[in-house]
Amino acid sequence: MRLATAGPNDRSAGTPPPVTIRRPEREDGAAVWQLVADSATLDTNSIYCNLLQCTHFSATCALAEHEGEIVGWVSGYIPPEEPDTYFVWQVCTAERVRGQGLARRLIISVLTRSACDGVTRLKSTITEKNAPSWALFNALAASLDSTLARAPHFERDSHFAGRHETEHMVSIGPFRRTILPVRRVA
Ligand SMILES: CC(C)(COP(=O)(O)OP(=O)(O)OC[C@H]1O[C@@H](n2cnc3c(N)ncnc32)[C@H](O)[C@@H]1OP(=O)(O)O)[C@@H](O)C(=O)NCCC(=O)NCCS
């Protein structure tokens, strides 16, 4: 069985929202920063950081565009010491398009790219109270026919000096790459 999900640069047809999912470019950095800021949940980084994501890390980042406006974003990378793992740094969708499968499609679209050919595990960190994020990663585990494990990773007092809630490491996999949609664009 394969997941029915559009590829990284495919135009989706039919079901709303009609969006294009693609690799980011340097021109997208400021709009990505704004989308993250508007999420009201995520920490913003510097625009410079978003520009690096949109350039050096564009092969493992994706954005969703609707009529020229960025409505979804996932940043991530393959940790140097874990070549079988895609680590999701941040994922967010604009409030008006939430609950329509867009965040899941963004992550799956990155997993189908050639940059992720060796990837069979998905990781991220989530704070305890971020219910939509837990729902997203549980749904991803189910989509990938895999299980989700969790453990405290960056802790409030020992790592964040009390300034941020504990981030729990979420690990999904190993999953079979044959379950992913067939890649149409590298
Ligand atoms: C978390 C977030 C990215 C989810 O985006 P989304 O586009 O709504 O997610 P999807 O539509 O792909 O949902 C995937 C699954 O999660 C579930 N889900 C998403 N939001 C949910 C919510 N608020 N409550 C319950 N379930 C939810 C969906 O029902 C779906 O599961 P299903 O396929 O079994 O029905 C979005 O809420 C967001 O941008 N939040 C602010 C930023 C953030 O907290 N990011 C995560 C930390 S990096």
Side-chain angles (χ1 to χ4, degrees), residues 1-8 10 12 14-22 24 28 31-46 49-50 53-54 57 60-67 69-79 85-112 121-148 150-156 159-160 164-173 175 179-181:
M1 187 190 79
R2 283 185 182 272
L3 295 171
T5 304
D10 295 332
S12 66
T15 51
V19 296
T20 301
I21 293 179
R22 64 169 173 84
D28 299 312
V32 164
W33 185 92
Q34 193 61 56
L35 183 73
V36 170
D38 290 346
S39 78
T41 311
L42 298 179
D43 293 336
T44 52
N45 297 289
S46 63
C49 169
N50 294 123
Q53 292 171 334
C54 290
F57 294 95
T60 49
C61 296
L63 57 77
E65 214 170 23
H66 173 64
E67 294 177 349
E69 197 180 338
I70 294 175
V71 294
W73 167 249
V74 60
S75 55
Y77 56 89
I78 297 173
T85 298
Y86 177 54
F87 181 81
V88 174
W89 181 349
Q90 288 186 319
V91 54
C92 65
T93 52
E95 219 166 305
R96 67 183 181 285
V97 298
R98 286 183 190 165
Q100 300 177 41
L102 185 55
R104 181 174 14 193
R105 285 177 52 205
L106 279 162
I107 292 171
I108 296 287
S109 79
V110 174
L111 291 175
T112 66
R121 294 177 193 274
L122 179 63
K123 290 188 181 178
S124 192
T125 69
I126 309 178
T127 55
E128 186 69 49
K129 291 181 184 155
N130 194 336
S133 199
W134 286 107
L136 168 63
F137 282 91
N138 275 308
L140 276 161
S143 295
L144 295 169
D145 192 22
S146 191
T147 52
L148 179 151
R150 56 176 282 179
H153 188 66
F154 296 128
E155 303 201 34
R156 182 175 57 188
H159 303 119
F160 285 116
H164 189 289
E165 288 304 301
T166 293
E167 292 273 350
H168 297 261
M169 180 66 83
V170 173
S171 310
I172 296 172
F175 55 82
I179 203 166
L180 295 169

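Only heavy atoms go into these numbers, but all of them, side chains included; no hydrogens, no water, no symmetry mates. Remember, it's 1-based here, ligands and their atoms both numbered in the order they're listed.
- Under the rule for a ring pair (Phe, Tyr, Trp, His ring centres under 6.0 Å), the partners of His164 that lie at least two apart in sequence or sit in another chain are Phe160.
- By the ring pair (Phe, Tyr, Trp, His ring centres under 6.0 Å) test, Tyr77 is found to be paired with Phe87, residues two or more places apart in sequence or in another chain being considered.
- Expressed to the nearest 0.5 Å, how far CG of Leu136 lies from SG of Cys92 amounts to 11.5 Å.
- Contact shell of ligand 1 (protein heavy atoms, cutoff 4.0 Å): Thr41, Leu42, Gln90, Val91, Cys92, Thr93, Arg98, Gly99, Gln100, Gly101, Leu102, Ala103, Arg104, Asn130, Pro132, Ser133, Ala135, Leu136, Ala139.
- Residues satisfying the side chain to side chain contact (heavy atoms under 4.5 Å, CB included) criterion with Glu95, sequence neighbours excluded, are Arg98.
- Without hydrogens or angle criteria, Gln90 side chain to Thr44 main chain gives no donor-acceptor distance under 3.5 Å.
- Side-chain N or O atoms of Thr60 include one that pairs as donor or acceptor with a backbone N or O of Gly76 at under 3.5 Å.
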